[in-house]
Every structure is written in C-alpha cells, then in structure tokens.
Amino acid sequence: MNLAATAGFTADQVFVALKHWLVLHTPGPFQTLVGILLTIIPIIVVFPALFAVTVLLERKGLGRMQNRYGPNRVGPFGILQPIADAVKSLTKEDIVPRSADHVVHYLAPLVLVGAAFLAYAVLPIGRNMVAVNLDAGVLFFFAIGAGTELAVFMAGWSSRNKYSLLGAMRAIAQMISYEIPLILSSIAVVMMSGTLSTTAIVDRQAHYTATLAHWNVFTPWGLAGFILFMIAATAETNRSPFDLPEGESEIIAGYFIEYSGFKFALFFLAEYLEMFAVSGLGITLFLGGWSSPFSFLAWIPSWIWFFVKLLALIVAFIWVRGTLPRLRMDQLMNFAWKFMLPMSLIVIFAAGLWRFLPATIAGSGALGTVVRWLVCALVIVGPYVTLARALEGGRRIEKRTYRFAE
Amino acid sequence: MSGTLAELESIAGPGEIMEVSMGPHHPSTHGVFRMDVRLEGEKVVRLKPVFGYLHRNHEKIAEHGAYLSAIPYTDRLDYLCSMTNNWGYVLAVEKLAGIAVPERAEYIRVIAAELTRFQNHAGLVGFLLQDMGASGTPLMYAFREREKILDLFESLSGARMMCNYMRFGGLRVDCTTGWLDEVRQLTARLPRFVDEFENLLRGNEILMARTQGTGVLSHELAINAGVTGPMLRASGVNYDIRKVDKYGIYDRFDFRVPLGDHGDVYDRYMMRILEMRETLKILEQALRGIPEGPIIDPKVRLRGLRPKAGEAYGRIESPKGELGFFLISDGSTNPYRYRVRPPSMINLTILEDMCLGQNVADVVITLGSVDIVLGEVDR
Amino acid sequence: MSPLPTPEDFKAQIEAGVPGSVVTVIPNGSPSAQHSLLVDNDHARAVALFLRDHPDLRLDYCSLVTGVDWLDSETTEKVKVKKLVDGPDGSQQETEVEETRKTKRPGYLEAVYHLFSMDKKHGPVILRLRAANRTDQTNIPSLTPVWRSAEFQEREAFDLYGIVFDGHPDLRRILMWDGFVDFPMRKDYVPPADDPLAEVHP
Amino acid sequence: MLGEGIIQGLFETARNFFGSYVEKDRLTTVQYPEERHQLPEASRNFPFLLYDGPDPDAGLRCVSCQICEKECPPRCIHIEKSKDKKPDFVGKQQFYPAVFNIDVSVCMSCQICVEVCPFDAIRMDKVFELSTSDRFGGLLWDKHELSKSNEYYRQIHPMEAAECDERRAKELAEAQAKAAAAAAKAAQAAPTSPAAAPAATNGSGNGASAPAKSGAAHSAPETKVAQ
Amino acid sequence: MADDLKELKIELSKNGIFTTTLEELYNWGRKNSVWPLTFGLACCAIEMIATTMARFDLARFGAEVFRPSPRQADLIIVSGTVTKKMAPQVVRLYNQMPEPKYVIAMGACAISGGPFRDGYNVLRGIDRYIPVDVHIPGCPPRPEALIHAFMTLQKKIDEQHLSGSDRPRHLHADQPSEFPVPEFGAHGLEPAQNMDVFLAENGNPLKVIQ
Amino acid sequence: MSNPEHPWLTVVALLIGAVAFGFTPLALAWLWAKFFSPQKPGAEKNATYECGLESKGDAWIQFGASYYLYAIVFLVFDVEAVFLLPFAVAFTGLTLGACIAMLVFLLLLVEGLVWACQKGVLTWA
C-alpha cells in the first residue's frame, strides 16, 4: 500500500480496504482463514438481509399495485414483518410425511440454499469486490445453477406426493429448457468480451465513449440478449409468469407442498437468493456490473451501483408478478424451444455480425455505428417477427370481435 | 443414441396413469368441489366431478318452512348473487299464487339484479384470472368495484351479501332517492373500471394463448347438455331468458346479447366483459324510467301464504344461467316440493367433455370459466 | 316465441307420433296453468325423442329434472285422485268421496322433466314419469340418452329419492357419500338423532 | 405484436401503483380497527329487544306473542311466556317473555323476526365485533343481553326509529283518546286527570297502577320525537 | 393490568428473565405471522376473500400469505357450512397442519350448523371434531368482524405461556395434536361427535344452556 | 475482496458457510422442538397431503415419455453450449472463416432442432 493508493482511497474501496486492513492485522497463520471468512461472511449476511427487504418490498409493492397498503402493523411501516415470519417459521413443527424419502427430503432445502449461495462466489458486486475471481466464472455460475435444479427435483420427488411430483417434473422440464437460452444469450457476451471471467467482463464494459458507458445492453445484440436472458432468468427462478412448478391454482404448492417450518422458509429464501444471483449475473453480463452508465456519475461507489441495478431488476420482477397470468406447461416449453432457443442463436449470430461489420464506413464512425445498428437490428427483428408468428402458429391468437343478438 | 423416435418412445414407455384428486380442498375449485382426475403426464384422460361437499339440504329445509322463510335461504344458494336468487324464487311463488307486482318494485328488482350481475361477472373474471395465476391483481380490482356495489346493497337491504330483499308481490323496503342517485353515480363510474380491466388483460398474449382454444364446447352439445347463461352464449346459442321469457319488465329495455363463435374459455371470459357493459346500459335505462308508487302488492299475505294446490316453474336469467324454482303446493303453508334448478350444477355436466385431452392447468381455467358457486351446485 | 299446442293436442300428437304410447294430461290447478303430461314408462324414451326431434316442437333443451315423493296417505292434488278414480262418478265437489279414495292410493315416486326449446324459444312442456311404488319398484327409464342435461339431475333424484333410472350411464350417488343408505329427500325420512344438544338447544 | 398486450397490462398496474399514492379512489383500504367504514342506516347484524324508558324489564316491548319464534327460518329464537301480565305502552295488560333467548351462533340475520313483529319489539343491531372463544357462554344471548333502549335504537337507525316512534305515538294517542272517552263515560261518577300521570312517575315502580304505567312508558318516545 | 404484572413477576422468578423474553419473542412472532390456509367452504369464504382484498386488507396484519398447503399454514378459517360429507376432510386438513395451529370458526354454520343445522347432511359445528380458538357469529360475518376475530386470536396468542401448567395444548407433550377423523357411516358420520374434544373445549355446554 | 491465492478454498468455505446457514436454523428449530414445543407425529399428520382426502396410489410412478425426450434434446444443446464456450472465448481473435465454420456447426444443430420439432418431440403432451 503506497501513498498514491492511500490518496486514491475512495468510498468505493472502503470495504476492500477494510478487509485488507483486518487481514494485515491478524497473525500470520490465520491470515488466510480470516481473509476467507471476511469474503464469505458478507455474502451470507447481506443477501439474506436483502431477501428480507425484498419480501417486504414485494408484499407492500404488490399491495400498492392492488390498491391496498400491505403489511404495515408489525413495527414501523411493517418493517419487522420478515422477522416475525422468521421467528414463527423457526418455532413451527416440522412435518415429514411418513412415506417420504427422509434423507433426500431433509437434504433438498440445504442443497438448494448451498447452490444458491455458491453462485455469489463469482459475482463482482463492486470494483475489486468479488469473492473468487475465477477464470471460468460464467461457467462456474451455470454449473452451480444446475444444483438448484437438482435440489428442486429432490424436494418434489422425495415428498412422494402427487402434486409435488408434478411440480418437480414441471420444474425440471422448465429449468433445463430455459437453461439453454440462458447460457446461449450469455455466450454472446462471452464472445464479445473474449473471457469467461466475470470481473473481466465487467471491466470490458466499464469504460466510456462520450460519457456513455460501453455496456453490452447498449448494442442491439446486447439488448436482445438481455431481454432473452431476463426472460430465461425469470423461468429459471420460477417467478411469475413462469411459476409453474409451484403453480398454486393448479398443483397447490408444487414441489414444496410437503415442507413445513423452517425448511419451507429455506425454500422461500433460496428462491429469492437465486433470483438475486441470476439478476446479478444479468447485471454483470449486460448492465455493466458495478459500473455507472455515465462517466459523470462514476463518483458514486461501485457497490451502490450494483445494488441499485439489482433493486431495479427486483422491482421489475415484482411488477411482472403483479400483472401477468401464468403460462401453461406446453406453451412454456414451446416458448423455450421454438422461440427462446432460436432467438438466442440469432443473438449469437448478431453479435458475430456486429464484430465483423466495419466500425467506420467511409471514414465516418457515426455512419458506421448507424449501419451496424441497422443491420444487427434487422437480423434480430426479422426472426423475431417470424418466430412470434410461428409461435402463435396453428391457433390464431388474436383479439376477437363479437356479434350481438338484439 | 441410435434408433428412431418410435423406438425411443417404446424405450421410455407411455408413462403410467396417475390418479389425482383435485379438491375438495384446492385453491382453485371455487369452494369444496372435487375432480377425480386421471393424468397421463399432465394430460387429463378422465375427469369425474364429485360434489356434495356443500350439500346443506336447502330443498329439504325449504319444504319444511313457510314460503316466506325460504327467501333468506335462497340468498345462500349462489351466495354471490342473492338478489337474483331472491327474484327467481319470488317469481316462482308469484306464478304459483298468481300475485302481481307493482311497477316500481319491478324497476328496483331490475336494478338490483343487474348490479348483481355486474358484480358477479367482475368477480368471476377476477377469479378466472386468479386461476390463471395472476397473483390476485385482477381479483383485487374486481373486488374493489364489487365493494362499491355491496355498499349499495347494504344501504338498500341492510346486508352486504345476504340481502333477503325481495318478497312475493314486491320488495321488503323501498329505496330512497338518495340511493338511486348513488346508483346513478356508480353506474357512471363503472365503465371506467371495465375499460381498465380490459386494458389490463384483454390483449395480454399469455391470457389469449391460454384461453383461446381451451375448453371448447360445441353449441350442439351445449344445448343438449342444458348449459345456460354466458357459457351457452359463448358457444353461439342466442338464448337469454331476459329476452325469451321477458320476465319482469325486461321487454322495456334496449340491450343486446353478446354471442361467441368459438365456445372456448376466451369467449366465455369475453361474454362476461361484454355483458357487464350491456348491464350498465340496462341500469341506465332503469334508473331513468323508475316510477313512483308502492313497492309491494298490499293484498299479498307474506306470513302464512297458502297457494292453491298446483305447481309452478319460474325461471330467471341469473348471472350463472337459468335459475329456476319448481314449486308444488298442496295448499298448505309450506311447499310440498321445492326444487331449485341450479345453473352452476347443470353447467358442470359437460366438464369432462371440455377437459379431456387437455392439460391440468386447462382444467382449472375451464372450471373457472364455467362460473360455479358450490352453494348452488350442492344446495 | 312460437305458441305451443294445448295439452290435449299434445297428447294426440304424441300418441299419433309414437304408436302405443299412453299419455295422460295432468291439469294444474294453480294460476301458473303449467299442465303436464304423464307418459308411460315403456314409451318414455321414444316420446322424449319424438318431442326433441319433431320439427315443430324441437324441445331440445331439458331444463329441469326432479324427483317428487308422493306418500301413501297423500292429501294433495285432486286431479291425481281423479285419475285414479277412473269411474263414471267424477264430480270433484264431493270431498268425502275423495277422502276415501285417498286412503287406498299407494304412494309412488315421480320424475318431472321441464322441456324448453332453444331453437323455437318456447316452453315449458312438462313430462312426468312414474315409478310403480316407493319401495321395491322404483324404476323409471332414464332420459339422459336423449338430453345430456338430465345426467346429474337424475343422479340427484336417485341419490335423494331412490328413483332408479334404467339406462343411465353412470347412476351413482351424487350429493351424499357412497356408503349412505337412506334417501333423505323422501317425505318419511327421519335423520339420525346424533346430537347430544338437540333437545336442550332452542 | 407479441408482447404488446403484456406491456399494456404492465402500464395499467403501474398506473394503479402510483395512483394508490395520490388518488383516494385507488387506495380503498379502510384500516379497520382505527378507521371505520360508516355503516348505512339499514345495516343489520343481530336482533335485539327494544325497551322504552330506563328499565329494561318494565319497558320491554315484547309481549311474548311468539310470532318471531315461529317465523324465524333457522329457529334460533326461544321464548317462554310469562305466567303473569304487565301493561304495555298503551296500558293494555300483556304477557311478557319470561325467557327470551336468541342463539346468535345460529341466527342468519335475515330480519324476518323484525318484519313479522307486530309490536315493534325486536330490531336489528349493527354491532358485529362479537368474536369470542366462548362458544356457549358468549353466543347464547338471554333477555338481558338482548335488551337495548329506544335511545340506542334512535342512534343506530334514526330514520326508522323516528317512523316507529311516530307510529307508536299515534297509537298511544288513539288509545288515550279511547281511554279518555271511556273514562269520560265512566267518569261521571269519579273524575280523574290522566294528564298529570306522565310527569309524576317514571315507570320503574312495580306496584304502579296500569294507567300510570302506560303514561310513563310513552313519555320517552314523545319527548324524544320533539327534540 | 396489575394481575398481569404480578403474573409476570411470578413467571420471572420461576423461569428467569430468559424464558420470559423468549416467550415474548415467541408470541410476538406467532401472532404477527399467522398464515391462513387457503380454505373456503361456503358463503363466509367470500367474505373471507373480501377481507383479504383492497378494502379491508388483512395483509396489514401480515396475514395475506394464504398458503394452499396445510403444511405451511398456521390458521384454518372454517368459513362456512361444514357438511357431514366435508367434515372428515376438514379434520384431516387440520390434522395435517403443523403445530402451533389455530382455528377460527367463521360464521353461524361453522359454529353450530347455523341456519342449516337441521339438515341431514350438516354438521352442527366444527367444534365437535376439532378445537376452535375463536368463534365469529354472523351469517356471514362482515369482513371487519373477521379482522376483529383475527385480533382476538392475536390477543389469545399473546396471552399464552411458554411454560407452566397453563401453557397451550401444543406445548404439552402428552396432549394430542391430531384428532380422530370421523368416518362415513350408513346414516351419518361415525362417531357423530368427538365428545372428548367437544367437552374439553366448551366445558359442559349442557350446563350453560340450562 | 478477491482472494486470488485460494480461489477454490474460498468456494469450499462458501459452500460450508452456506450449508451452515441453512443448517443452523434447522438445528435451532430442532432444539426449540426438543425443549418447548414437542414434535407430535401421527398417522394422519404424517400422511401424504392430497386435498384433504386420503391419498390413493403411489406418487412414485413412471412418468410420461415426453419429459425424457426433452431431457435428451437438452443434453444435445447443453453439449453444444460447452463447445461454443471455448469458441466464444477465442472469438475476438478468430478469423471470419473460423467463425463461418462454427456457424456451420451451429446450423447442423439447428437442423437437428428443426427435425425434432417436426417429429413432434417438442410438442408437450
């Protein structure tokens, strides 16, 4: 730590510096251990806390969308509501169905929570703030993501309940189907960044041309990729309108139908953690991670930017949940295979095209940008229209007009 | 991985049939309805409705009570629409005993019944979307408007849901001018609600994809199965008892009957939306034309009514369909036979036909689009 | 709404259309004047088909099906008594005569069908089918094959009255559970006294 | 195009979200225990028995005719007639209910008892905060729990009460006129002054004579109507 | 109030401050997070739904989380007529809920059979088979009445003790947490009522009535 | 907070931490049950939930074939994604020709998808 670095000390690096300071002041043999603990403990504290905030936000936000207040009586403005729920869940009786597979039934929530937490290892939540800077960070994320699928299936299968089985089957089918668009749309980013490391991907986006950041979402393929990614992410995390595995009106509570007490709370928690994680990845890949969109806003600490973006995506999730009805299983699958998958391939193609199109045409950078935009947008919109038509396909889906008898 | 698809399938096998019982406790059976479903994967291969979980012996109780005391029980038949139930019953008694109704009472009956129809349809659409998984928002909006109508019912009859308002020969109490003004104000505001509701979901791709082509009911089967109400009209049959029987004073109002061409869930959903608009038209006309005068035939004996021996069948177009009451009198103070023709129950006859080969999720919305209330199905 | 023939014309029309059928007009004394037609069980389904498919009638819609339980010592409709009298002495004023008739008349179960036409928009035409008695011969032909709408309602009449509908595709109890043995809507049904508070509760 | 309707729907929910902060029509919640929705006059929940004057026993209007008991559809009313009689508001000797129980755990709030009561003795209350964990003690109401004063009735149903008071005042006036006429006929021998009676007693005395008591009973409605 | 304080003192001396704080926390958590089972029977269910809707908003109490599975629910609102055909299912659902669980009998039918109690298929009150915490009379009770009942339940929870002999049933190891499910008989339910539950919860009602 | 020296150790530690995070409340709940609120299993309580009825038949059955077909198609595309990743990482340095070669590979898979689609594999039953 030289003087220049100390002089450049900003609020941005306050946590990093704090950690270094703490590690430096621990006795040698424990430095590694303390370093690791200081890395993982914030993750394990911050995101569950965010879960509590989000649940409350969701309940109150949905309330407002539905013209009511939402929880507002437990503590000021109802902020203690999540704590009350947690206390209640802790003291509830735990029921395991007699015919269930007890071991798997017990393990499922733990696996789910474990997998959900692991995903945070590679998320850069601020400049120099990533738990593990893996070279294959994106790949690691998806590999861990598969663990959640396994856990959901474990839960549904081990309960030995018909509804939970249906839920598990739906979950597995849905998750594997949407995993492909999820990965493919990230591949476009990987292609353009040339790396699988999440920090490197953010670094590539964190520089500016005329105040505007080089976020991937500001390119046509990036925008399309981001939308596809978020749709797939919604499906991966079983959020409405893709909440079929727990589709209340059809299969009651789906795969966690037989879970009670804190195990159920863990499912709830893990589901939100997954949502944050996958949103975080979306931010990393497309929204420039911790970077600010405009250079003049770069003074705001990087970790604030990350959480602001995360919050924005959470709000979008809640908003969508408050509005849309649920899809049906076959439509969901059709949408994945006949729309999302081809579209994500198109996005890869468009990304390739973006690179190979000349950046300047006749010496003009602006003209080059316009042409690139137009060509790429055309490559994306064309198939979009065709695929959307094909999806509506045999059954014409349309607003109808009606006749009246006098 | 070699071999053709057929070989693959033969390896995997067709999958076993799973017998699931949906209900009686299920979030979307609208009460305590049960469907014994056989599933192959998620495809429905058999569906048997089972009911009676709310069979509370309405008919038996009514046969033991006086003609008057059956009225509050009719409130609890289709507990969303007590006003129309009242009307159906008093209409049957009026036919049985030959009682005339004063004009003002007829107008107020129309107003009450159409308000009921509106809130029933709004509620149904909300519930249907709830079944589709719309996390309560449309239902909340529907109930927001429904509360306004219930407030009117409460200031008219004293109760929000169980109005017990109509009497053979007229009504229990008169409405005030203030009340009519309130109805007028509400009627003027309700179109905005319908518009918003349509904005919220009418063009929604998910809604259209899920409902169009789902639960199709052909009009031949609909007629043969005795399906009535919006469900029948969604199948394209022009049969509205308000038009056919012209009971009450419905011949004085200018309104149209919407008809569907596909008979699927979307059509049934749209029938409700369109009927809400027509209902508002009727309300406007009724509020304009309401005369002064008595509200009940003074000659009629409410207590201890003894109609001449005989029988009568009176029916009305309730929001769910043809609600009929069949009464046999033996000349005593209580009906010898009291029978309700429950539209909800008869509309369920073809539930299996509509659901076979469909997805579990379709069963739920098909049932939702039938619009059942268990109080009426089981009585 | 096209007008329907009078009950007597109906009787003639049906008896001509369905050879061998016996139709009895049962007048209704109440102001509603909804008279009904009693059809013999053997030809009931043929009559139903005739009514449904006749181009002028087109009674395609069976609205209401219900059971009625007439007890042995029934004291109601004069017309019914008169039908059983069947003799030259038909003066309805002499109530004493009817009283004596009443005691003789055995009870029976009856199914009533209210028919309408969605096509022609007329109705109701009321059909009645009667079982021989209330105890062992409670069979009536089912009209479900003609009108699907009768399916659940006939099941209900079976459940609550014990009318056995021959030819019904799925005759099971519908409202009560399967192990239930009584027919609770019958007039002589007594519910089990299983409530310890029944006497003291107001 | 695919997605159009979804965006429209999202717009609608957003409108309601922001609307709920600015528009009363979009935030309909009445926060119940603190805020209360004003119940309309006609609102009804459970029946109560009306009494005139300050004493629930003496002023109870119910004459134990048992019509309501008979007409009550769920039969939740249980009445036992008294052996003795007491005078009603016009001074006529009437039975009174020795026992008058309503099982509110059965009552269906249909108001038929009110409709059929020829004596304006039973009315519907608006109180609904009745939850209790005591199934039998809390929900089986006897005569004393049921009795509410006419003042209370005027508070909860002002228009209806005024109408009822007017009717009763008229009845009383007729009865008094009739009594006066009869008295005038009989009073050739011993003249008395009935007008003095109301002011003198206050209706709680058990041993009071019949005409005096009737005066006491009617004094309450008359003064209140005047207010 | 004074009584409460005295009890508190006794409690403190008996169990130490730890248990008391724990008890407060336990009760606070339980009462503010009562998740009802999505379970409606009849007319009252509509009013129950109305209670959760914008006008009344049960969510303010943190109770809008209607759980469709009994495993995750704390409260069963028996809202409507319990018929004999439905009673076994209601009891089974109650049995399948984890402790601590509460029951609100909403409306006349759930308490006593209400207007339909003379029917051959109507159970004369759910308290014949499962213990009820709060009864709300009314047919149907207004949504406000349900909120009131909900607050009554919260008060009841708040008054429960974690230890001592007066602690609630679910904290006693030897008291049952599930009750026999009645069976369908030839004429009615068998048994027609579970007298153990009925008398335990209501004392001897025969005495009260007479 | 990066810890470049011990990346996998950190991952393992995070896994342990996460499982501990999940396990601690379960242990607490177990302790609570042990000291205060006893577990009361019962025949009815621990039976499988099925809408309030007794569950008939087993839920562990052989499920429909279509689910497995999806899994197979998934496998194909997952492997494809694995092939794509190294390509993607190297993409910035690749020539147009190499990219076209990759495109051909992609098209082959797309052809497979179209084939599967036309065979009706992707039609949910």
Side-chain angles (χ1 to χ4, degrees), chain B residues 48-55 57 59-60 63 92 94-99 220-228 232 237-239 243-246 307-315 322 324-332 336-337 339-342 345-346 348-350 353 377-379, chain C residues 1 26-36 52 60-70 74-80 110 112 114 116-119 121-124 126 144 146-153 156-157 159-160 170 172-177 180 184-187 189 191:
Chain B
K48 290 285 171 214
V50 180
F51 35 87
Y53 292 103
L54 194 56
H55 178 48
N57 327 324
E59 291 178 6
K60 190 85 177 174
E63 283 175 18
E94 280 154 11
K95 278 196 173 172
L96 182 69
I99 301 170
E220 292 81 12
L221 185 59
I223 293 175
N224 194 252
V227 171
T228 45
L232 174 73
V237 183
N238 175 17
Y239 196 76
K243 291 278 188 194
V244 174
D245 278 8
K246 299 186 173 63
K308 240 163 70 180
E311 62 180 51
Y313 177 65
R315 58 174 193 165
E322 175 184 329
F325 285 84
F326 176 56
L327 299 169
I328 299 181
S329 163
D330 58 353
S332 68
Y336 182 79
R337 176 76 180 113
R339 157 82 184 170
V340 187
R341 183 217 185 263
M345 176 197 179
I346 294 163
L348 282 178
T349 313
I350 29 71
D353 301 57
V377 174
D378 294 342
R379 282 152 289 130
Chain C
M1 200 191 284
I26 299 179
N28 177 357
S30 86
S32 74
Q34 293 169 341
H35 310 291
S36 46
R52 190 188 73 180
D60 49 8
Y61 166 42
C62 173
S63 167
L64 175 106
V65 182
T66 182
V68 187
D69 178 22
W70 298 101
E74 193 49 68
T75 57
T76 55
E77 288 171 281
K78 297 168 184 173
V79 283
K80 295 212 166 59
E110 189 179 56
V112 184
H114 281 66
F116 290 87
S117 169
M118 284 192 184
D119 194 16
K121 306 222 178 335
H122 56 212
I126 305 166
T144 304
V146 184
W147 293 286
R148 190 65 200 283
S149 56
E151 184 180 338
F152 283 1
Q153 304 191 70
E156 192 186 323
D159 186 358
L160 303 181
D170 184 21
R172 288 176 294 135
R173 283 198 178 260
I174 189 166
L175 294 175
M176 303 304 287
W177 55 88
F180 196 72
M185 277 302 282
R186 288 198 183 182
K187 288 282 174 189
Y189 169 75

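All chains are named by letter (A, B, ...) in the order of the sequence lines, taking the proteins before the strands, and each is independently numbered beginning at 1. Heavy-atom basis, side chains included; hydrogens, waters and symmetry copies ignored.
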Q. Aromatic rings B/Phe51 and C/Phe152: how do their planes relate, parallel, tilted or perpendicular, breaks at 30° and 60°?
A. perpendicular
Q: Identify which part of B/Lys243 has an atom lying under 4.5 Å from any heavy atom of chain C, answering side chain, backbone, both or neither.
A: neither
Q: Using non-hydrogen atoms and a 4.5 Å limit, figure out which bit of B/Leu348 sits close to chain C: side chain, backbone, both or neither.
A: both
Q. Do C/Ser63 and B/Arg315 have side-chain atoms, one donor and one acceptor, less than 3.5 Å apart?
A. no
**Q.** C/Glu110/B/Arg337 salt bridge by N-O under 4.0 Å criterion
**A.** no
Q) Quick one: what part of C/Arg173 sits under 4.5 Å from any heavy atom of chain B, side chain, backbone, both or neither? A) neither
**Q.** Considering all heavy atoms, the nearest B/Lys308-C/Ser30 contact
**A.** O-CB, 4.3 Å
(Q) Need one label for B/Val50: side chain, backbone, both or neither, based on atoms under 4.5 Å from any heavy atom in chain C. (A) neither
Q) Which heavy-atom pair separates C/Val146 from B/Asn224 by the least distance, and what is that distance? A) O-ND2, 3.0 Å
Q.
Quick check for you: among B/Met345, B/Arg341, B/Glu63, which has the greatest number of heavy-atom pairs under 4.5 Å with chain C?
A. B/Arg341
Q. How close do B/Glu311 and C/Ser32 get, heavy atom to heavy atom, and via which atoms?
A. O-OG, 2.6 Å
Q.
Heavy-atom cut-off 4.5 Å, strictly under: side chain, backbone, both or neither for B/Thr228 against chain C?
A. side chain
**Q.** Contact leader toward chain C among B/Tyr313, B/Tyr53, B/Phe326, where contacts are heavy-atom pairs under 4.5 Å
**A.** B/Tyr313
Q: Report the relative orientation of the aromatic rings in B/Tyr239 and C/Tyr61; use parallel for angles under 30°, tilted for 30 to 60°, perpendicular for over 60°.
A: perpendicular
Q. In terms of heavy-atom proximity below 4.5 Å to chain C, should B/Ile99 be classed as side chain, backbone, both, or neither?
A. neither
Q. Hey, which of C/Val112, C/Asp60, C/Leu160, C/Ile126 has the most heavy atom pairs under 4.5 Å with chain B?
A. C/Asp60
(Q) Heavy-atom cut-off 4.5 Å, strictly under: side chain, backbone, both or neither for C/Met118 against chain B? (A) both
Q.
Report which part of B/Leu96 has an atom under 4.5 Å of a heavy atom belonging to chain C: side chain, backbone, both, or neither.
A. both
Q.
To the closest 0.5 Å, what do you measure between CD1 (C/Ile174) and NE2 (B/His55)?
A. 10.5 Å
Q.
If we define contacts as heavy-atom pairs under 4.5 Å, which of B/Lys48, B/Lys95, B/Glu94, B/Arg339 has the most with chain C?
A. B/Arg339
Q | For chain B, the option from C/Glu151, C/His35, C/Met176, C/Glu156 that forms the most heavy-atom pairs under 4.5 Å | A | C/Glu156
Q.
Between C/Asn28 (side chain only) and B/Gly310 (backbone N and O only), is there a donor and an acceptor less than 3.5 Å apart?
A. no
Q | Heavy-atom contact with chain C under 4.5 Å, split by part of B/Ala97 | A | backbone
Q. Roughly how far apart are B/Ile350 CD1 and C/Ser149 OG, rounded to 0.5 Å?
A. 10.5 Å
**Q.** Interface moiety of B/Glu59 toward chain C, non-hydrogen atoms closer than 4.5 Å
**A.** both
Q.
As an exercise, state the distance from CG of B/Asn238 to NZ of C/Lys121, rounded to the nearest 0.5 Å.
A. 4.5 Å
Q | C/Gln153 side, atom CD; B/Ile346 side, atom CD1 - distance, nearest 0.5 Å | A | 3.5 Å
